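Right, one structure below, let's go through it.
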2 protein chains.
Amino acid sequence: MDQKARLIDIARALNISVTTVSRALNNKLDISKQTKQAVLDLAKELNYQPNTLAISLRKKRTLKLIGVVLPNVDHYFFSTLLQGIMSEAHQNNYLVLVAESSQDATKEREILEEFVSYGVNGVLLAPSRESNYEENLLPLVKQRIPIVLMDRTYADYSSHFVQSDDYNGALEAVNLLIKNGYKRIAHIRGSDHWSIGSERYRGYADALTQNGREILKEYVVSCTLANKEEGFQAATTLFNLPNPPDAVFTVTDNVAAGVIEYCNQFNLFIPEQVGVVGFSNAEISALLSPGLTTVEQKGQDIGKLAFSFFLQSLSDKSKVFQKTFESKLIVRESCGSQLS
Amino acid sequence: MDQKARLIDIARALNISVTTVSRALNNKLDISKQTKQAVLDLAKELNYQPNTLAISLRKKRTLKLIGVVLPNVDHYFFSTLLQGIMSEAHQNNYLVLVAESSQDATKEREILEEFVSYGVNGVLLAPSRESNYEENLLPLVKQRIPIVLMDRTYADYSSHFVQSDDYNGALEAVNLLIKNGYKRIAHIRGSDHWSIGSERYRGYADALTQNGREILKEYVVSCTLANKEEGFQAATTLFNLPNPPDAVFTVTDNVAAGVIEYCNQFNLFIPEQVGVVGFSNAEISALLSPGLTTVEQKGQDIGKLAFSFFLQSLSDKSKVFQKTFESKLIVRESCGSQLS
DNA sequence: ATCAGCTCCGTTAACGATTACGAAAACTTC
DNA sequence: GAAGTTTTCGTAATCGTTAACGGAGCTGAT
């Protein structure tokens, strides 16, 4: 009784054919004003909602549906990324399937397969750390499903992507530390498999050499999960060196939070004794004490552009859309800029 | 050539009927081993992918698809909520449509309609502030689509829900401040339209009266967005009163972050001069200095349970599933518990 | 030889919408 | 009033898949 209203329900009630009802609702020509009005009125009364499935099937046009795969949604950067995607998608009447790979390449592959079998029109992917082109992406490429990569890319595959300029961001961050007088700058970096790990390291290394400084192995500590705990641990290692650093550049803000906690705990004053710069401009960076100098990653903008690249790639199959957002330093207390 | 293979293509190639092909692929009984094998082989060769639209249309429901509507995904609590939902959903082979209402009841309604016309099997909804039952939920209820509410509920509608115990959480938080010797406890509260705003205020008020204290109007400041800036502003108001408070309980951790920033900036020592307690146990609460005492909201658990309620409601149509998670205080430095 | 009971498969009608085609009704025009 | 034109509507096919039903063919028991 209260079931969903269909065209046939309206048709029977008005004693006309389904075709006529369809015509009325779709603003077609071959229909009189009166019947059209009657249909529209009844449709409104019954709260008629067309069945998208049936329409798509009939029109042989797929549903407006895209899939988004992220390593973690509770990570601030990714959640803003998602927000950007969803706002664009909603404006274009696309629905968004979301799944979390939890940084697990196998799970990522499973998700992508599910998405494909569900008939998504495209995939926006922020690859997990161990994701590789051959196994994860090739199947989609074969099926000609548009893919836009976000945040990181594959070394062996050129596709649409939107990322932030990790290299220059890191370069500027370390340059700032140098300019502010820090002498022994350490880096807590991400893993090599991870493009943001290697890109940010590259920026760190080049900033040092461009300023005629050496890169000391013991000043570079790797982490894998890039969270606060690892930051604390790495700080412990660094500050217990015979010749400890006087500044730390970290691969993410969360890692920097661990460093700051270590310094607060062991009375190393920031920025007087130790300078700290993070990466991401996560929510926490403004809330930490002292405020964390960091490199902005515009999650929303990246997400929006990624979706718009997907849309454009539908109409222009041959073109490859790529964008690297410029990095921007957000200077707060932790890097000693206020000292001079 | 590269067109998608359909059942009829396989059927024609093997000179059998579509039904038989369908039977082979769906592991039905009435079929011989040989034909079944032949179909499976050819299907694999042609890389047959069933058309989910057609299946869903025929079965009158989509295959394992649920919709999630949240006010904001970049809010930490909601992102953990989403995480909980997605982890359960993935385990049960459900795909998850996600959309953001941006606290806009009209947009929320649009999203819900879209979800329905896509044939989702259920909806998990964290209602926006102005969402009302009549307009937003009634249409779904009429169509007998299972709905599980999260975080807040409707006064005029009893349904499945999962929420955290805002009232008792607030009560305990304020009791702790009282126990730790704070005399003039203020509250920065959320708006009245918002159940967490009124529930947490109710807890605050009852804690005071149960301890024989007065509720002073000037000690209760309202905010709408519940962010750090509003917290800073409210702190400015409170600490410039002729008789300023010596403790503040805030509706969210972000608001508390604003208060802490104010105190740090104007040299009000926490917890010695001012006690602060927040709500949510957001990521930032552990990273702030001093660490913020707060009430835990188990986003992941709430999300997981909400999904499992949805699943259960499918098999047991008549039962109503409801759960209020107990609140739990997370005690850190900001509330003076270390002082005594 | 007849009948019951399998196994295996095809025919047909759905699911809810769109659309080509043609026919009835209404309106012109001479 | 007959012929032509236009407006308005219905019939039936179609999208890709599933499912109720029935029928052929074979086996084995009576």
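Lettering follows sequence order; numbering is per chain, from 1. These numbers were taken from a predicted model, which means no experiment stands behind them.
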### Task
On DNA chain C, check which nucleotide each of B:Lys60 and B:Asn15 is closest to and give me the residue with the more 5' one.
B:Asn15
### Message
On DNA chain C, compare the nucleotides closest to B:Arg23 and A:Leu7; which residue's is nearer the 5' end?
### Response
B:Arg23
Atom-to-atom span, [atom1] of [X] to [atom2] of [N] - whole angstrom:
X	N	atom1	atom2	value
A:Gln49	C:dG16	CD	P	15 Å
A:Asn51	D:dC15	CG	C1'	13 Å
B:Ile31	C:dT7	CD1	P	14 Å
B:Leu25	D:dG16	CG	P	16 Å
B:Ile8	D:dA13	CD1	C1'	13 Å
A:Asn26	C:dT19	CG	P	8 Å
B:Ile55	C:dC15	CD1	C1'	13 Å
A:Gln34	D:dC9	CD	C1'	13 Å

### Message
For a 4.5 angstrom cut-off between non-hydrogen side-chain atoms, does B:Val69 reach B:Phe115?
### Response
yes
### Message
Can you confirm whether A:Asp301 sits close enough to A:Leu305 that some side-chain heavy atom of one is under 4.5 Å from a side-chain heavy atom of the other?
### Response
no
Between [options], which one does the side chain of [X] approach most closely?
X	options	answer
B:Tyr48	C:dC9, D:dT17, C:dA17	D:dT17
A:Ser32	C:dA17, D:dT8, D:dT17	D:dT8
A:Ser22	D:dA19, D:dT17, C:dT19	C:dT19
B:Leu57	D:dT17, D:dC9, C:dG16	C:dG16
B:Ala54	D:dC9, C:dA17, D:dT17	D:dT17

### Query
Looking at A:Lys28, does any N or O in its side chain come under 4.0 Å of the phosphate oxygens OP1/OP2 on C:dT19?
yes
### Query
Is B:Thr20 near enough to C:dG10 that one of its side-chain N or O atoms lies under 4.0 angstrom from OP1 or OP2?
yes
### Message
For the residue pair A:Lys323 and A:Phe325, would you count it as a cation-pi contact if the rule is NZ or CZ under 6.0 angstrom from the ring centre and within 45 degrees of the ring axis?
### Response
yes
So what does [X] touch, heavy atoms closer than 4.0 Å: a base, only the sugar-phosphate, or nothing?
X	answer
A:Lys33	nothing
B:Thr35	sugar-phosphate
A:Ile16	sugar-phosphate
A:Asp30	base

### Task
Could you tell me whether the side chain of A:Thr19 has a donor or acceptor atom within less than 3.5 Å of a complementary atom in the base of D:dT11?
yes
### Query
Judged by atom type as modelled, is there a donor-acceptor pair below 3.5 Å linking the side chain of A:Ser131 to the main-chain atoms of A:Ser128?
no
### Query
Which distance, rounded to the nearest 0.5 Å, do you find between the NZ of A:Lys36 and the CG of A:Leu25?
9.5 Å
### Task
May I ask you to check whether B:Ser191 and B:Thr224 show a side-chain donor-acceptor distance below 3.5 Å?
no
